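Step one of this worksheet: look at the structure below.
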Amino acid sequence: MSPGMSPLQRMGRWIGQHLVLAGGILVLIYMFVPIFVVVLMSFNDPKSRLVYRFDGFTLQNWLNPCADAAMCSAVSRSIQIGLLATLIATVLGTMMAFALVRHRFHGRSVANLAIFLPMASPEIVLGSSLLALFVAAGFAGQLGFWTILIAHIMFCLSFVVITVRARLAGLDNNLEQAAMDLYANERQTFLRVTFPLVFPGILGAALLAFSLSFDDFIITNLNAGNTTTFPMYVWGVAQRGVPMQVNVVGTVMFVISVAIVVGVELNRRRQEKALAR
Amino acid sequence: MTEVATQPPEARERRKLTGYWLLLPGALWLLLFFLVPFYSLIATSLYDPEGSILTGYDMTWAFGNYVTALQDYWPPLFRALWYGAVATLLCLVLGYVLAYAIAFKAGRWKNLMLVLVIAPFFTSFLVRTLSWKLLLGDEGLIVDTLQFLNILGDDGRLLATPFAVIAGLTYNFLPFMVLPLFASLDKIDPRLVEASRDLYARPIVGFFKVTWPLSLPGVVSGTLLCFIPAVGDYINAQLLGNTQTRVIGAVIQSLFTDANDFAIAGALSMILMIMILAMVLLYVRRAGTEDLL
Amino acid sequence: MSQVAESAETDGSTGAGSAGSGLHLRNLRKEFAAFTAVHDLDLDVPSGSFFALLGPSGCGKTTTLRMVAGLETPTSGSIALGERDITWEKPYRRPVNTVFQNYALFPHLDIYENVAFGLRRRKRKDVEREVDAMLELVELTSQARKKPAQLSGGQQQRVALARAIINRPEVLLLDEPLGALDLKLRRSMQIEIKRIQTEVGLTFVHVTHDQEEAMTMADTVAVMNAGHIEQMGAPAELYENPQTTFVANFLGQSNLIEGTVRGRDGEDVKVDMQGTVVTIPGQRAHVAGNAGDLGWVGIRPEKVLIAEEGQVIDAPGNSIPGGVVTDVSFVGVSTQYLVRMPWGQELTVFEQNTGRRRLFAKGERVDVSWRPEYAFLLDHTQDRAAGRDEDAD
Amino acid sequence: MAGESPGPTAGSGAGRTTSRAPGASRRTFLKGAGIGAFALGSAAVLPLFGSASAVQDPATCRATDVSQRDKRLVVSNWPAYIDVAEAGDDQYVTTLQEFEERTGISVSYTDDVNDNAEFFARVRNQLGACEPIDRDMMMLTDWMAARMIGLGWVQPISAERVPNLHANLIEPLRGRQWDPDREFSAPWQSGLTGIAYNASLTDEVGSFEALMTRDDLRGRITLLSEMRDTMAFMLKVTGGDPDDFTDDDWYNAIDYLRGRVRAGQVRAFTGNEYIQDLTAGNIVACEAWSGDVIQAQFDNPDIKFVVPEEGLNLWSDNMLVPNKATHLENAEAWIDYYYEPAVAAKLAAWVNYICPVEGAREEMEKIDPDLVDNFLIFPSEDDLADTFDFMALDEAQNRQYEGDWSDVTSG
């Protein structure tokens with residue numbers, strides 16, 4: 001025991017030192033409360049389809065995830081759109097990021113601005129302007145899967161560029177020069193050094209793009225025409241009684257994404273350890 | 001990029017060309033599906049207000065649409081800006097505490113906490129918001145607790161109030177605040193904070209003189225990433241709010257899809273876009289972080 | 001630069017009575033979750049001295065420094081400035097300032113504001129005049145409005161120094177202040193810091209792992225190892241008469257040869273060293289000295305004389321025959337030999353290149369010898385290799 | 001916004017003043033000229049963006065009917081609007097299953113109509129461009145049915161193929177002005193709009209006037225977001241006649257509503273979700289549709305439906321066949337089937353809305369005698385004597401009133 005401090009002082013100091021951490025943990029709990037509810041409700045056995053509250057425990061929702069076929073087709077449509085949008089946006093966005101970081105040319109600032117602007121536009125504006133275009137161009141009748149996909153790629157693109165660009169900018173130029181010094185030609189340098197180093201950034205961007213696409217309601221709703229995605233389905237059922245299977249989907253999405261993030265992190269650590277050895 | 005300058009001119013030209021080729025597909029996409037639609041939106045905002053689904057719509061330079069739109073819909077417009085601003089401020093406070101805790105206090109739990117921050121982001125936005133509806137409901141746990149503690153009157157409620165809308169917005173956009181804040185805070189050398197203590201700055205002064213200014217880039221990008229989508233969002237206002245909390249996003253959406261009032265809807269979208277761009281520019285100028293963009 | 005000293009009014013927080021009576025650590029201890037960084041340390045740093053805390057990385061010296069600065073709370077023990085106990089004082093309330101490793105200059109403030117930071121926090125008047133004077137002292141007046149990132153390493157170092165000194169702390173702590181500089185710059189900064197210390201007359205506590213730096217700059221050096229102070233004293237005294245194998249090895253190099261104590265001869269101790277009996281003066285023998293005890297006979301390489309086999313060596317001690325040169329490195333001012341002795345140990349020998357004698361070649365047989373008053377005797381329970389090869393930079 | 005900062009500021013401090021100035025100003029000029037030209041060009045292009053009328057002619061905008069060789073039918077309906085077998089009941093054969101067995105037509109049935117306006121928005125772009133919406137039948141409320149028929153988006157139903165419709169449609173639903181001969185539409189179910197309340201939480205609420213003014217209900221009621229439903233009663237409360245009102249009547253009514261909304265009486269304007277709020281206790285009373293309330297009563301007997309003192313608002317949801325539907329004949333078979341009294345009674349026993357089919361009441365005796373005398377399912381001629389409807393609006397009125405309506409509902 002330190003003689004200079006009373007127990008009260010020590011306690012005060014301890015609280016002072018841990019106050020911020022405690023606050024941070026409280027904020028995290030705030031972020032997780034609805035997730036707990038989602039997981040809990042996925043095991044709910046509702047007495048009435050009209051009342052959204054926990055009535056009893058059941059596994060039924062998990063055993064029959066597709067009790068409402070419309071939900072499952074909406075989910076699979078959202079996944080299809082999400083995967084396609086992610087793939088295309090990630091490829092295009094990564095190319096743009098490389099161009100912006102590794103190449104000098106006229107109009108860079110314009111390009112940067114063009115990438116920033118979609119992020120600075122509220123979704124409702126993005127969605128309505130796309131709709132205005134489709135209507136004016138006579139594509140109103142074609143609204144559906146493809147128009148949703150076009151819109152999703154558009155708004156994912158900026159996020160991909162920003163994420164990959166950040167990773168690329170943080171990369172040590174010397175590594176590439178070292179590779180060239182060690183007889184790697186430009187293509188080999190890219191494949192053996194640059195790409196593996198940027199890959200975590202690209203993967204992060206792809207994850208972000210997928211979740212943005214899978215989650216989007218506002219832009220999609222304006223440009224979906226007759227097609228229903230998962231968020232649109234949820235929006236619809238929110239007005240007439242939510243099937244608990246919606247929470248199953250929410251829980252599965254949560255678990256898969258956390259597994260991916262944790263997997264990537266563990267893999268990184270393993271590699272680091274292997275390197276350290 | 002110094003090596004570029006030392007390359008022979010042809011090589012430099014070739015590199016430049018490669019740059020253009022890399023940029024082209026994405027730029028084309030943005031041109032076709034962001035810029036052209038934006039034109040189309042401008043045109044829509046100038047449609048003849050008398051146009052209807054029966055007669056079709058013509059572009060007649062009807063600038064009056066902007067006046068009409070503002071006259072009719074200024075309350076939801078300013079409401080949306082107000083909710084967005086309050087939610088952003090709350091996000092900033094909560095996000096700062098969390099990001100600060102992760103960056104400086106979490107120790108070996110740092111990565112875990114970061115994963116936890118991103119995790120809720122992957123559960124569908126709408127499903128999470130429905131959970132809030134359940135939590136905030138009149139018969140829900142939170143209301144009961146608050147009533148028990150006499151913070152809320154017996155007939156008090158949270159759901160269908162601006163409070164619920166702002167809580168939902170804050171909740172939904174919090175990760176967008178925490179991540180850039182963390183990125184900024186994590187870069188700060190803890191010795192700088194120690195140095196400020198050593199140089200007679202009390203913790204609070206040290207925070208405002210050292211930590212805060214150094215985290216400004218994160219503050220600016222975090223607030224932008226929160227504010228912009230929060231202003232345009234109407235899911236929270238619709239699911240958690242009431243008739244008094246209708247926001248501009250819902251108005252634009254319903255004018256476009258239900259009322260077929262393309263002209264006013266377009267004008268409102270333009271007004272929203274212009275206001276947000278103006279605010280962002282002003283804000284970024286004042287914060288002195290133009291180079292961020 | 002006397003105006004700096006004159007302009008310094010007595011600071012309220014300094015406490016008039018305590019000024020000039022030094023820093024005192026009593027039973028200072030710091031435990032972290034897994035290990036104890038500092039073991040019950042006692043230390044007195046006289047006021048106005050240039051004190052160096054020397055040790056390998058991880059020895060607890062930086063932790064000690066941080067406890068003095070208030071950046072780390074001791075587990076037990078006390079820290080006092082003169083009469084005033086500052087053990088639990090918040091860092092921003094202590095009249096102690098630090099020059100951080102890598103400087104920790106505020107990147108968002110310019111040089112001027114970095115230097116003014118402490119004065120402004122204490123709401124001092126006349127900030128402008130003091131900062132100007134300080135910038136002049138460290139010769140950075142022309143750089144006042146630059147950001148730290150625009151300065152060279154040496155300039156940044158001077159800013160860090162100025163930023164701390166301007167507060168006229170009772171104790172200035174320097175945490176490896178020169179580690180980030182290249183050798184040449186380090187030499188000139190060593191001289192510069194010494195000059196400033198003499199000019200401003202503050203107590204400096206300098207933490208370093210560089211024994212040369214410590215010896216060049218400090219009046220008093222404390223060698224620290226694994227949370228303990230091994231030995232403390234003037235640099236020459238430490239070097240000439242190390243009390244532990246750690247100090248003997250960490251501060252310069254030593255040849256440590258196993259020997260058996262034969263007994264005392266007045267003040268001196270007689271030791272049988274591999275068949276040769278050597279005499280070691282009493283104040284250099286750091287063992288109990290009972291007959292039959294084992295001990296380490298230590299001798300610095302430059303004190304060892306080397307000669308052709310059978311040649312008479314100009315030394316009063318015994319010459320030890322039977323050495324074979326196994327390695328020769330020509331360094332310029334001196335030559336370093338490794339000589340394998342009959343008992344298998346290799347001794348290191350430095351010989352000044354006075355030009356009076358030829359160099360020996362590898363494989364030649366030689367005799368070695370040294371004057372008994374240069375040898376020292378250490379406790380055999382200590383590790384012969386302690387302190388060797390640590391922080392070999 | 002790096003793109004907007006003028007060039008010269010980027011230069012380093014030295015040597016910028018004289019040597020660069022002419023170049024910079026020329027560059028600025030060029031830049032300005034470029035922006036100007038760009039703006040002019042854009043302005044010239046803008047008028048090209050317009051959009052055509054969405055009116056179609058059902059006679060030309062039709063697809064080949066493949067009903068004979070492709071025995072399928074795609075139906076979009078409101079949720080909980082058709083009978084389903086209770087869990088564990090293997091005996092019950094639904095009307096839909098029976099239809100499939102009898103006709104060999106396989107039906108893909110979805111309940112994706114939540115709101116007339118929302119559904120309209122969903123199909124508007126396709127139907128307005130004469131594109132298929134991949135449905136053969138949709139059920140929409142009178143006013144929306146009228147609007148769609150007016151836009152020429154609905155296929156006519158051949159009278160010969162739906163004899164039951166013309167024989168069995170109850171009298172009050174005949175002769176509607178927007179489709180007097182039921183050439184395009186056939187009522188699926190009808191209903192009444194009235195008041196529902198939770199008897200465990202409040203006293204009876206007997207009239208809209210009470211609903212809108214009682215202090216103990218403040219903030220705990222909802223109204224329907226269907227303009228016609230709600231405004232009909234507001235007109236009644238303020239002394240107007242929903243069947244025939246003037247602009248002044250309209251403004252009185254909308255001002256009254258706005259005043260009550262501002263006073264915090266109304267918690268929300270809702271679609272179907274009001275029934276959840278009512279059962280969950282989030283609200284204690286609301287404007288409601290009769291069938292929803294009867295269904296909710298099975299879960300919670302405290303939920304009561306009241307015919308308001310202001311009168312009855314009778315409406316129907318109508319079966320419509322959209323343009324470009326490829327199974328018109330199958331759709332007609334469906335309509336004719338549901339106009340068989342026995343089938344209609346079976347359906348009515350489940351959905352509990354007003355049955356539009358003559359003779360179903362007699363059939364109901366065999367199914368569930370309790371429901372025979374429920375006037376919310378089989379109203380008498382007297383009951384329906386003082387029902388009112390919302391007058392037809394032209395596009396200009398529609399836009400005007402919808403605008404006013406959304407002003408109020410958006411605060």
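Computed from a predicted structure; not experimentally measured. Every chain is numbered from 1, with letters handed out A, B, ... down the list of sequences.
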- request: Pull out the residues in residues 266-275 of chain B that come under 4.5 Å of chain A, heavy atom to heavy atom, sorted by number.
  value: B:Ser269, B:Leu272, B:Met273
- prompt: Heavy-atom distance under 4.5 Å to chain A: side chain of B:Ile42, backbone, both or neither?
  reply: neither
query: Taking the six-membered ring for Trp, are B:Phe176 and A:Phe159 parallel (under 30°), tilted (30 to 60°) or perpendicular (over 60°)?
result: tilted
field: Which portion of B:Ser45 sits near chain A, non-hydrogen atoms under 4.5 angstrom
entry: neither
task: Give the member of A:Gly24, A:Ala99, A:Pro34 that has the highest number of heavy-atom pairs under 4.5 Å with chain B.
output: A:Pro34
- prompt: Can you list the residues that meet the side-chain hydrogen bond (donor to acceptor under 3.5 Å, both in side chains) rule with B:Thr123, with sequence neighbours excluded?
  reply: none
- line: Given B:Phe125, B:Phe227, B:Tyr57, the one with more heavy-atom pairs under 4.5 angstrom with chain A than any other is B:Phe125
message: Quick check on B:Ile276 against chain A: is it the side chain, the backbone, both or neither that has a heavy atom closer than 4.5 Å?
response: side chain
query: Under a 4.5 Å cut-off applied to non-hydrogen side-chain atoms, are B:Phe104 and A:Val20 in contact?
result: no
- request: Among the options A:Val38, A:Leu40, A:Ile150, A:Leu157, pick out the one with the most heavy-atom pairs lying under 4.5 Å from chain B.
  value: A:Ile150
message: Report which part of B:Pro203 has an atom under 4.5 Å of a heavy atom belonging to chain A: side chain, backbone, both, or neither.
response: neither
- prompt: How about A:Ile218 and B:Gln253: do any of their side-chain heavy atoms sit closer than 4.5 Å?
  reply: no
statement: Separation between CZ (B:Phe38) and CG (A:Leu126), nearest 0.5 Å, reads 9.5 Å
query: Pick from B:Asn111, B:Val115, B:Val36: which one has the most heavy-atom pairs with chain A under 4.5 Å?
result: B:Asn111
query: Which of the residues B:Phe256, B:Phe34, B:Phe262 is involved in the greatest number of heavy-atom pairs with chain A at under 4.5 angstrom?
result: B:Phe34
field: Separation between CZ of A:Phe217 and CD1 of B:Ile235, rounded to the nearest 0.5 Å
entry: 5.5 Å
- request: With a 4.5 angstrom heavy-atom cut-off, could you sort out which part of A:Asn221 is near chain B: side chain, backbone, both or neither?
  value: side chain
task: Could you grab the distance from atom CG of A:Leu28 to atom CE of B:Met113, nearest 0.5 Å is fine?
output: 4.5 Å
- line: Per-residue tally against chain B (heavy atom, under 4.5 Å) across A:Gly127, A:Pro118, A:Ser158 peaks at A:Pro118
- prompt: Tell me the side chain to side chain donor-acceptor pair (under 3.5 Å) pairs involving residues 117-126 of chain A, sequence neighbours left out?
  reply: none
Results of side-chain hydrogen bond (donor to acceptor under 3.5 Å, both in side chains) for A:Ser257 - residues two or more places apart only: none
message: Any non-hydrogen side-chain atom of A:Val249 less than 4.5 Å from a side-chain atom of B:Ser124?
response: no
field: Which atoms of B:Asp233 approach chain A - backbone, side chain, both or neither, heavy atom under 4.5 Å
entry: both
message: I'd like to verify something: which residue of A:Gly93, A:Pro122, A:Ser129 has the highest number of heavy-atom pairs under 4.5 Å with chain B?
response: A:Ser129
task: Grab the two heavy atoms, one from A:Met31 and one from B:Leu98, that are nearest each other, plus how far apart they are.
output: SD-CD2, 3.8 Å
message: Ignoring hydrogens, what is the shortest heavy-atom contact between B:Leu130 and A:Ala238? Give both atom names and the distance.
response: CD2-CB, 3.9 Å
- line: Nearest heavy-atom approach of B:Leu94 to A:Val27 is O-CG2, 3.7 Å
- prompt: Is there side-chain contact between B:Ile228 and A:Met119, with at least one heavy-atom pair below 4.5 Å?
  reply: no
Nearest heavy atoms of A:Ala111 and B:Leu23, plus distance in Å: CB-CD2, 4.0 Å
statement: Shortest non-hydrogen pair, A:Met154 vs B:Trp29, comes out as N-NE1, 3.7 Å
field: Between B:Ala27, B:Gly232, B:Gly26, the one whose heavy-atom pairs under 4.5 Å with chain A are most numerous
entry: B:Gly26
statement: dist B:Leu35:CG -> A:Leu117:CG (nearest 0.5 Å) comes out at 8.5 Å
- request: Give the member of B:Val231, B:Val117, B:Leu225 that has the highest number of heavy-atom pairs under 4.5 Å with chain A.
  value: B:Val117
message: Once you measure the plane-to-plane angle for A:Tyr30 and B:Tyr171, does it fall in the parallel (<30°), tilted (30-60°) or perpendicular (>60°) bin?
response: perpendicular
Between A:Asp216, A:Leu208, A:Leu130, A:Val258, the one whose heavy-atom pairs under 4.5 Å with chain B are most numerous: A:Leu130
- request: Run the numbers on A:Met232 and B:Leu126 for side chain to side chain contact (heavy atoms under 4.5 Å, CB included), then give the verdict.
  value: CA-CA 9 Å; A:Met232 290 175 70; B:Leu126 274 149; over 6 Å; no
query: Side chain, backbone, both or neither: which part of B:Pro120 has an atom under 4.5 Å from a heavy atom of chain A?
result: both
query: Which atoms of A:Leu131 come close to chain B, meaning under 4.5 Å heavy atom to heavy atom: side chain ones, backbone ones, both, or neither?
result: side chain
field: chain B contact via A:Phe155 - side chain, backbone, both or neither, heavy atoms under 4.5 Å
entry: neither
task: Specify which of B:Ser40, B:Ala119, B:Ala99, B:Pro37 makes the most heavy-atom pairs with chain A at under 4.5 Å.
output: B:Pro37
- request: Take A:Ile35 and B:Arg128 through the test side chain to side chain contact (heavy atoms under 4.5 Å, CB included) and record every step on the way to the result.
  value: CA-CA 7 Å; A:Ile35 309 288; B:Arg128 274 180 291 152; 4.0 Å; yes
field: Within-4.5 Å side-chain heavy-atom neighbours: B:Leu24 and A:Met95
entry: no
task: Hey, could you give me the CD1/CD1 distance between A:Ile25 and B:Ile102, rounded to the nearest 0.5 Å?
output: 10.0 Å
